[in-house]
Protein chains: 2
Amino acid sequence: MSEQLSKFQEYLQSQRLKLTRSRKLVLEAAFSLHEHFDAESLHERIKGLNVSLATVYRTLPLLQEAGLVQLALRKDGRDFFEHILGHPKHLHWLCESCQRVYETELEELIPILENKAKSQRFTINTINIHISGICWKCRKNENDSQ
Amino acid sequence: MSEQLSKFQEYLQSQRLKLTRSRKLVLEAAFSLHEHFDAESLHERIKGLNVSLATVYRTLPLLQEAGLVQLALRKDGRDFFEHILGHPKHLHWLCESCQRVYETELEELIPILENKAKSQRFTINTINIHISGICWKCRKNENDSQ
DNA sequence: ATGTTGTTGCAAATGATTCTCAATAACAAG
DNA sequence: CTTGTTATTGAGAATCATTTGCAACAACAT
């Protein structure tokens, strides 16, 4: 059994919730996609397997609470998630011009954030950093056309 | 004329847009509130002055593009903004238990982020950092009740 | 003053997410 | 491996923040 599945099962048991066929499929879908996904892309991924979109929406918070998935960013009025197994956390860079999303490591920021957390006795669960601006490709195009 | 108003006017002119009564009122409302606000709270703030909610929604992106306001966080399915005049940027700490939002400075992170930006030739426009977890008040209550 | 063009309020539309409910599936216990 | 208990499901309706269409109106350049 995959690491993520047993982690999910463990979480569900701790909450007296059930490990169902639909939930397994949603979990698998989430880990089969190696980019940001929203509820609809998960649903699309398991289309034909008789799992309703409502169930995908209902499963997403469970995956978050289980520490398997986290909200990555909001784009075009929709929530996008990413799975986290042991993945280093990362920054998200959003280009306001082309809407592309880039990622970089955030390792070096963690100690600083943990320090701040400590001083106000805050227990960190997830860290989410978004930087909006213009990426080099778009900056380049702007210059080209001037 | 307030600094924010002339900045807004400057932006509008650069885009051949008009400085209207409604837009002025929305701007004033945004700067009169010293906490996070959503479209509805702005509308509420200028209730009776005959500015429609749709216009508030239409003005918000303009204020963002003018660099006067930025999206601060999403809560309860709504977007919350904050004004920025010369304000130091800050981190947002969201308590998952009581839903309170705390803020702290982020000064020391800026050079690191600018460095990362430079190395990938990204032009930073806005920085948004959210940390979710449990605040000390809720942590305390949890312990009390155990 | 006046024409041109952007803007507004209003109401209807949109679209992601949530909810309702009767039917069904997990799973613990015998 | 049956059965009872309780959580879960699919389907579709309901919500609710945000967006849009449109005809009347207001900014502002000339």
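This one's a predicted model, so the numbers in the text were calculated from it and none came from an experiment.
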Exercise. Using a cut-off of 6.0 Å, state whether more than 12 heavy atoms not belonging to A/Lys118 lie near its atom NZ.
Key: no
Quiz item: Would you say A/Glu3 has more than 12 foreign heavy atoms packed within less than 6.0 Å of its CD?
Solution: no
Nearest-neighbour nucleotide for the [X] side chain, [options] considered:
X       : options               : value
B/Ser52 : C/dC19, D/dT18, C/dG9 : C/dG9
A/Lys18 : C/dA25, C/dG9, D/dG10 : C/dA25
A/Ser22 : C/dA11, D/dT9, D/dA11 : D/dT9

Round to a whole Å and report the spacing from [atom1] of [X] to [atom2] of [N].
X       : N      : atom1 : atom2 : value
B/Lys47 : C/dG9  : NZ    : P     : 16 Å
B/Lys75 : C/dT17 : NZ    : P     : 19 Å
A/Phe37 : C/dT17 : CZ    : P     : 13 Å
B/His43 : C/dG9  : NE2   : C1'   : 10 Å
A/Arg21 : C/dC27 : CZ    : C1'   : 18 Å
A/Ile46 : D/dT9  : CD1   : P     : 11 Å
A/Lys24 : D/dT9  : NZ    : C1'   : 16 Å
B/Arg23 : D/dC25 : CZ    : C1'   : 14 Å

Practice problem: Mind checking A/Asp38 for me? I need base, sugar-phosphate or nothing, with any heavy atom below 4.0 Å counting as a touch. | Solution: nothing
Self-check item: From A/Glu107, A/Glu103, A/Glu108, A/Glu105, residue fulfilling salt bridge (Lys or Arg N to Asp or Glu O under 4.0 Å) relative to B/Lys116
Solution: A/Glu108
Self-check item: First of A/Thr55 and B/Arg78 reached from the 5' end of DNA chain D, by closest nucleotide
Solution: A/Thr55
Quiz item: salt bridge (Lys or Arg N to Asp or Glu O under 4.0 Å) between A/Lys7 and A/Glu10: does it pass, once the steps are laid out?
Solution: CA-CA 5 Å; A/Lys7 193 165 176 189; A/Glu10 188 179 320; over 6 Å; no
Quiz prompt | Comparing A/Leu19 and A/Glu40 on DNA chain C - which has the more 5′ nearest nucleotide | solution = A/Glu40
Quiz item: Any N or O donor-acceptor pair linking the side chain of B/Arg58 to the base of D/dG21 at under 3.5 Å?
Solution: yes
Quiz item: Does D/dT18 have OP1 or OP2 sitting under 4.0 Å from an N or O in the side chain of B/Tyr57?
Solution: yes
Quiz item: Taking OP1 and OP2 of C/dG6, is either one under 4.0 Å from a side-chain nitrogen or oxygen of B/Thr20?
Solution: no
Quiz item: When you check the gap from the basic side-chain N to the acidic O, do B/Arg78 and B/Glu40 get nearer than 4.0 Å?
Solution: no
